[in-house]
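Written out below as structure tokens is the structure these notes cover.
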Amino acid sequence: MTLQTRLQTATLGYPHIGKNREVKKALEAFWSGKSDAETLLQIVQEVECKNWQTQLEAGIARIGIGDATLYDRVLDWSIRLGIIPERYRTLTGLEQYFAMARGKDGIPALAMTKWFDTNYHYLVPEITQSLQPADFSDFLATVHRAQALLGDRAVPIVIGPITLLRLSRLESNPEKIIFDLRDRYLVLLRELKNLGVVEVQIHEPALVLGDAPNFKELYQSTYDSFSRVGLPIHLVTYFDDLGAAYPWVMKLPVAGISLDFTRGRNLELLQQHGFPSDKQLGVGIVDARNIWKIRPEAVLSTLETIQSITLNIRLHPSSSLQFVPYDATRETKLPEPLRNVLSFAQQKLDEVALLAQTLAGGDPSDKLAAVQMHWKAFEQFSPANPAVQERLRNLTVQDLERAVPYEQRKTLQPTLPPFPTTTIGSFPQTSEVRQLRVKLKRGEITPAEYEAAIDAEIAKCIQIQEEAGLDVLVHGEFERTDMVEFFGQQLSGFAFTEHGWVQSYGSRCVRPPIIYGDVARTQPMTLREFKVAQSLTNKIVKGMLTGPVTMINWSFTRIDIPRSEQAMQIALALREEVADLEAAGAKMVQIDEPALREGLPLKPERWNEYLSWAVDAFRLAAGVAKPETQIHTHMCYSEFGDIIQHIERLDADVLSIENSRSNNETLFEITNAGYKHQVGNGVYDVHSPAIPSTEQMVQQLKMGVANLPNEQIWVNPDCGLKTRRWEEVIPSLKNMVEAAKIIREEVNATKK
Ligand code: GLN
Ligand code: ZN
């Protein structure tokens, strides 16, 4: 057999929100009753079909299909497999589907959480004792449609049973359930075989998690039974390496195994343990999690190493391409040298095809040379910033440290009533506020008019906070589209796309900024709004910044320097801002790090390395503050038990946390660890439109009092208020302040 016939190209999934976010728009129209189910399904299928067409035109040989979804792929598989909790069973069809996704009439939705270490969120399957009957008809119909267009190129993508189990909430004995589920998968595999597909991709990304070895027997027996169906299975893994599981995964009875060669140590493992001659190796070589073009030299050298071990390979992106936007060539407003090194989903298909051609002995050398030229041109376009690099080189340990320890600082910082009340920063981003930015962009209002309108919002916000009786005020963040974008737009080294949307969950899409060069502050970023707010009140206004780690975790980052270095550069810029805020009279500055935890690597053995630089970056930003200045930080969705010593090392004076939905677990983790600094354990859930009662918040505060010394306790909502309406915010805050007063009195009474 020649090399040529052996080498294939494949995809593992494609963005499905639509090039112009058609699916998002269709969903929103459907939910608001402006369109019907038929239209919605038609649009979803049109987008899906275009995606297939694009992959076909790029010449991909094995096109992964069946991953398009109305809301979430994991939800789709839950429903197909009959994993439908009791509370949804009176509903059917789309009504049931969206009730599971978003809740309905008091029936809560499934929990949502992050898909591995990506910013995509999936709905957590709830597995109870009894499953509903399985129904694969929609999936089989999709396969059928795909075959009509793609023929043998159509390869169904199925989320593997053990990954599904591993990500589920289990109410019953997993042993029993896995047998049930396995039988259902067997039915599906037989149906697919009957349809005549040439192979099926079963995705088991849970194989890269540190605990995969605990499930070894389960994988073995499951894939033994699957192999007896006689349909070739391509087992797909991504996001990290197989680690200790590598040797036994290689022995599973499957036709092919895909590994991610853009992250982790799969190349080393391959060299160390070899690859079975009876299987095909799927090489995830084009990074599906970032937006840069390949570096031909590096990629070709990796491929050469792989080919010295096995020649039976296929090339594909490292995972589904759903984590990158559709098409970089549309970003015509970006400078050309930058645009030329960007690669979104469509470009990544071409890269896969190009690499395959090269390996098959074709001569696309001019194309590879062109990529190299683009990189050269880019380096000239975005040269290093020597001043920033110099400052980073000259950093000392002292730069990361506050001048005096917490115990001493505490006595120098502002005196407030016991149980001080505050908020997390943002206030309602009403459509009028968002409209202001649209008008500014269109030139319908001048920058001065825009600022005046923002200032009017700030004034209103200050007045409302004073009337509610809050102790520490904020300006409300009306000028910010998004907490990362707002800062990125004012820093050099950041770029923003026009069409670079990626799905976060359901119909929600985000446009992550691109960090492409050395980052530096070119001007004060938050000073004007802070000053306006502080000038309107005698109370303390907290300055409000987004932390370096969150900026990194919610952006596409550079690949030529480590993330740690990029975080330190951002921290330097924020450090200047902290100093400016202080000089303008700020007595408190909050540096938000909601995404600190979500950046944790998948493998626990790499946590320390990440946390060490992440915490350093925060400390670099905050370390400049005078002892008298109180540094706050805020984190959402945080479990701290396993990283508490790193939270302590942040050395923030006050930490506010989201808590109301995790039943005070975070509070217990903090108190168990003997955390000494101040804590604002969110007293109500901002994600719910319900107005919390004073009584409910008093109870919540009593929980704090029972677990922490009173001096350590702050009173605040559990996150920013930007998604809420004023009608909800005003009474909620009044009740919250009332709750603080009640607690103050009760505590006082017990003292006497
Ligand atoms: N200060 C931000 C806000 O209030 C924090 C947002 C967040 O935690 N994600 O909106
Ligand atoms: Zn938050």
Side-chain angles (χ1 to χ4, degrees), residues 112-114 119 121 421-430 433-434 457-458 461-462 464-465 470 472-488 504-505 508 510 512-513 525-526 529-530 533 541-555 574 577-578 581 586 588-599 618 621-622 630-640 647 650 652 654-662 666-667 679-688 714-726 728-729 732-733 736:
M112 193 163 64
T113 192
K114 284 162 66 72
N119 276 327
H121 300 70
T421 54
T422 191
T423 62
I424 305 304
S426 60
F427 272 77
Q429 275 272 339
T430 56
V433 171
R434 272 176 275 139
E457 292 291 327
I458 294 176
C461 186
I462 292 288
I464 284 172
Q465 293 174 81
L470 288 156
V472 173
L473 313 192
V474 294
H475 76 282
E477 301 180 24
F478 304 104
E479 75 288 5
R480 305 184 185 179
T481 43
D482 166 278
M483 63 187 292
V484 171
E485 185 174 70
F486 174 77
F487 287 93
S504 167
Y505 65 84
R508 265 292 275 269
V510 293
M525 304 182 282
T526 63
E529 290 79 9
F530 167 76
V541 175
K542 261 193 293 194
M544 197 57 62
L545 307 174
T546 300
V549 187
T550 297
M551 297 284 291
I552 290 281
N553 285 341
W554 288 350
S555 301
L574 291 167
E577 191 73 12
V578 171
L581 284 167
M588 297 181 185
V589 178
Q590 179 169 313
I591 306 174
D592 289 323
E593 286 291 19
L596 180 90
R597 184 173 173 104
E598 67 182 55
F618 181 91
Q630 193 170 60
I631 296 289
H632 290 228
T633 188
H634 167 72
M635 296 182 192
C636 338
Y637 305 103
S638 299
E639 297 144 37
F640 291 141
I647 302 295
L650 290 173
V654 184
L655 163 69
S656 66
I657 49 177
E658 180 191 280
N659 203 31
S660 21
R661 284 196 297 186
S662 62
T666 316
L667 173 68
V679 181
N681 175 42
V683 293
Y684 78 89
D685 176 9
V686 305
H687 304 94
S688 156
W714 280 68
V715 182
N716 49 258
D718 72 346
C719 196
L721 301 166
K722 62 172 170 262
T723 57
R724 295 267 64 89
R725 296 178 303 134
W726 284 109
E728 294 153 358
V729 164
S732 301
L733 292 179
M736 185 183 89

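Ligands are counted one by one from 1 in listed order, and the atoms in each one are counted from 1 as well.
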**Asked** Which one of Lys722, Glu477, His475, Gln465 satisfies the side chain to side chain contact (heavy atoms under 4.5 Å, CB included) criterion with Phe427?
**Response** Gln465
**Item:** Contact check: Trp554 vs ligand 1, nitrogen or oxygen atoms, below 3.5 angstrom
**Value:** no
**Asked** Can you list the ligand 1 atoms lying under 4.0 Å from a non-hydrogen atom of Lys722?
**Response** 10 (O)
**Request:** Under 4.0 Å, heavy atoms only, figure out whether ligand 1 is touched by the backbone of Met635, its side chain, both or neither.
**Result:** neither
**Item:** Distance filter under 4.0 Å to Gly425 heavy atoms, resulting ligand 1 atoms
**Value:** 4 (O)
**Fill in**
of all protein heavy atoms, closest to atom 2 (C) of ligand 1 is Asp592 OD2, 3.3 Å
**Request:** Report, in ascending order of atom number, the atoms of ligand 1 lying under 4.0 Å from any heavy atom of Cys636.
**Result:** 7 (C), 8 (O), 9 (N)
**Prompt:** Can you tell me the protein heavy atom closest to atom 3 (C) of ligand 1 and the distance?
**Reply:** Ser426 OG, 3.3 Å
**Request:** Nearest 10° is fine: what angle sits at the Zn ion (ligand 2) between NE2 from His634 and SG from Cys636?
**Result:** 110°
**Message:** Judged on heavy-atom distance to atom 7 (C) of ligand 1, which of Pro717, Cys719, Ala595, Gly720 sits nearest?
**Reply:** Cys719
**Prompt:** Taking Gln590 for the side chain and Ile424 for the main chain, is one N or O donor matched with an acceptor at less than 3.5 Å?
**Reply:** yes
**Prompt:** Any idea which heavy atoms bring Val686 and Pro717 closest together, and the distance?
**Reply:** CG1-CB, 3.7 Å
**Message:** Under 3.5 Å between any N/O of His634 and any N/O of ligand 1: does that happen in this structure?
**Reply:** yes
**Message:** Nearest 0.5 Å, please: how far is CZ in Phe618 from OG1 in Thr550?
**Reply:** 9.5 Å
**Asked** Can any side-chain N or O of Asn681 pair as donor or acceptor with the backbone N or O of Ile657 at less than 3.5 Å?
**Response** no
**Fill in**
Exactly one of Met635, Met483, Met551 clears side chain to side chain contact (heavy atoms under 4.5 Å, CB included) with Asp592, and that residue is Met483
**Prompt:** Should Met483 be counted as touching ligand 1, given the test is an N or O pair under 3.5 Å?
**Reply:** no
**Prompt:** Thinking salt bridges, do Lys114 and Glu598 make one under a 4.0 Å N-O criterion?
**Reply:** yes
**Message:** Quick check for you: to the nearest 0.5 Å, what is the distance between Glu479 atom CD and Gln429 atom CD?
**Reply:** 8.5 Å
